[in-house]
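Just so we're on the same page: letters track the sequence lines, and every chain starts at 1.
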Protein chains: 2
Amino acid sequence: MGELSTTLNKLLDVAESSVRLRGYHAVSFRELADDLGIKSSSVHHYFPRKEDLAVALLRRYSDNFFTELEAQCEKLRAPNTRLSVHFKVYRESLVTTQKFCLCGMLGAESGGIPEVVGEAVSEFFKKNVAWVDEALPSSLSAADRNRKAQHIVAAMQGAMMMASSQKDFKIFDNIVRDLVATQEV
Amino acid sequence: MGELSTTLNKLLDVAESSVRLRGYHAVSFRELADDLGIKSSSVHHYFPRKEDLAVALLRRYSDNFFTELEAQCEKLRAPNTRLSVHFKVYRESLVTTQKFCLCGMLGAESGGIPEVVGEAVSEFFKKNVAWVDEALPSSLSAADRNRKAQHIVAAMQGAMMMASSQKDFKIFDNIVRDLVATQEV
DNA sequence: GTCTATAATTTGATAGAC
DNA sequence: GTCTATCAAATTATAGAC
């Protein structure tokens with residue numbers, strides 16, 4: 001699984017980590033450069049403006065997320081567990097990285113970030129809701145499925161936010177457990 | 001009823017609005033001062049450091065929120081509608097101000113803000129969950145009530161975030177509708 | 001309580017050498 | 001692709017006059 005550890009990849013890694021932890025405006029090119037042992041002008045070589053970096057971050061994050069979703073579904077095979085795969089992938093992302101969702105962070109800050117960045121976040125949520133929608137039983141009406149899908153994504157985002165705010169990741173598990181119970185997944 | 005329109009109150013108003021819209025690090029004393037037609041040094045007169053302002057903001061926000069919750073409950077009287085009052089008060093806050101919850105914003109950013117500010121946010125969520133917990137039917141076990149309360153608060157936070165990120169406040173209503181349906185409030 | 005003045009630092013960004 | 005050098009602007013503050 002050739003992990004390319006180029007400067008670009010390391011830059012994206014440290015940038016994603018920083019934004020997920022502290023938010024868009026708390027992260028500076030200088031700081032990212034320091035983390036990599038390069039200069040901030042080198043960061044500008046990859047991403048002329050900060051919003052370019054954020055858009056690249058969102059693109060990679062979204063691609064990884066939906067790819068991982070499908071990969072885990074493939075691995076499990078049983079067709080009715082797609083929703084539990086969604087919970088699992090989110091949980092892994094939260095617990096192993098100890099960080100909030102990139103889109104949850106930028107979604108919260110959407111009133112204060114460049115428009116292209118906010119649009120990419122909005123796209124992620126639309127795709128995410130659509131994915132959950134498809135994973136829901138087709139016996140439900142389209143309107144009910146959509147509402148449920150929005151509810152599930154919102155609850156997980158809120159759960160991650162509260163867990164990371166209170167530095168207690170058990171909060172996330174408790175909320176998902178209740179979510180699963182009420183949705184009868 | 002005495003709406004005190006002192007400089008201090010106007011400052012808190014504009015600061016709350018700015019932070020809820022754009023986040024902690026996107027807001028500067030200079031900008032707040034400009035909004036009020038004063039100088040940034042005058043803002044420092046009220047709040048020496050930025051974190052002092054944020055803590056004052058959280059204190060006022062939390063006080064207003066729980067006061068409003070009780071006031072609305074008094075007005076309605078029926079003892080079993082406390083949960084719907086919670087939904088209503090949050091909705092009012094979102095829709096009339098067109099802004100995300102102050103604590104949702106700072107909760108997301110909690111990894112990058114001063115510790116005292118993060119602690120105040122965490123306090124708000126603990127109180128909020130406790131309030132919802134008490135509003136839940138006492139027929140439930142304490143553990144179930146707690147999980148459900150966490151779920152409800154998380155879902156509403158996520159709903160507000162997604163609604164404000166996608167600039168579509170109907171998203172909030174849809175999620176709450178499904179939340180109410182599954183909780184059978 | 002508000003101002004002027006100022007300071008030290010950081011920030012996002014660019015030009016151009018190697 | 002990385003660096004040095006530089007910039008203009010912004011940011012968090014402080015000291016002290018009025």
[X] has an atom [atom1]; how far is it from atom [atom2] of [N], in whole Å?
X: B/K50; N: D/dT14; atom1: NZ; atom2: P; answer: 15 Å
X: A/F47; N: C/dA13; atom1: CZ; atom2: C1'; answer: 16 Å
X: A/R30; N: D/dC3; atom1: CZ; atom2: C1'; answer: 13 Å
X: B/Y46; N: D/dA13; atom1: OH; atom2: P; answer: 18 Å
X: A/H25; N: D/dA10; atom1: NE2; atom2: C1'; answer: 13 Å
X: A/D34; N: D/dC3; atom1: CG; atom2: C1'; answer: 14 Å

With respect to the side chain of [X], which nucleotide from [options] is positioned closest?
X: B/H45; options: D/dT6, C/dG1, D/dT2; answer: C/dG1
X: B/K39; options: C/dT4, D/dA13, C/dG12; answer: C/dT4
X: A/F29; options: C/dG12, D/dT12, C/dG1; answer: C/dG12
X: A/H44; options: C/dG12, D/dT12, C/dT2; answer: C/dG12

Just checking, is any N or O donor in the side chain of A/Y90 or A/Q157 under 3.5 Å from an acceptor N or O on the other one?
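Checked: A/Y90/A/Q157 side chains pair up, N/O donor to acceptor below 3.5 Å.
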
Verify whether one side chain among B/T67 and B/N64 offers a donor that lies under 3.5 Å from an acceptor in the other.
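The answer is no; no qualifying pair exists.
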
Suppose we call a contact any N or O donor and acceptor under 3.5 Å apart; does that hold for the side chain of B/S40 and the base of D/dT11?
no

Distance check: side-chain N/O of [X] vs OP1/OP2 of [N], anything under 4.0 Å?
X: A/T7; N: D/dT2; value: yes
X: B/S28; N: D/dA10; value: no
X: B/S41; N: C/dT2; value: no

Positive for salt bridge (charged side-chain N to carboxylate O under 4.0 Å, His left out) with A/E16, one of A/R60, A/R22, A/K10:
A/R60

Just checking A/R49: base, sugar-phosphate only, or nothing, at a heavy-atom cut-off of under 4.0 Å?
sugar-phosphate

Considering heavy-atom distances to DNA chain C, does A/V27 or B/I38 have its closest nucleotide positioned more toward the 5' end?
B/I38

Min side-chain heavy-atom separation B/V19-B/L53 under 4.5 Å:
no

Between A/L11 and A/I38, is any pair of side-chain heavy atoms under 4.5 Å apart?
no

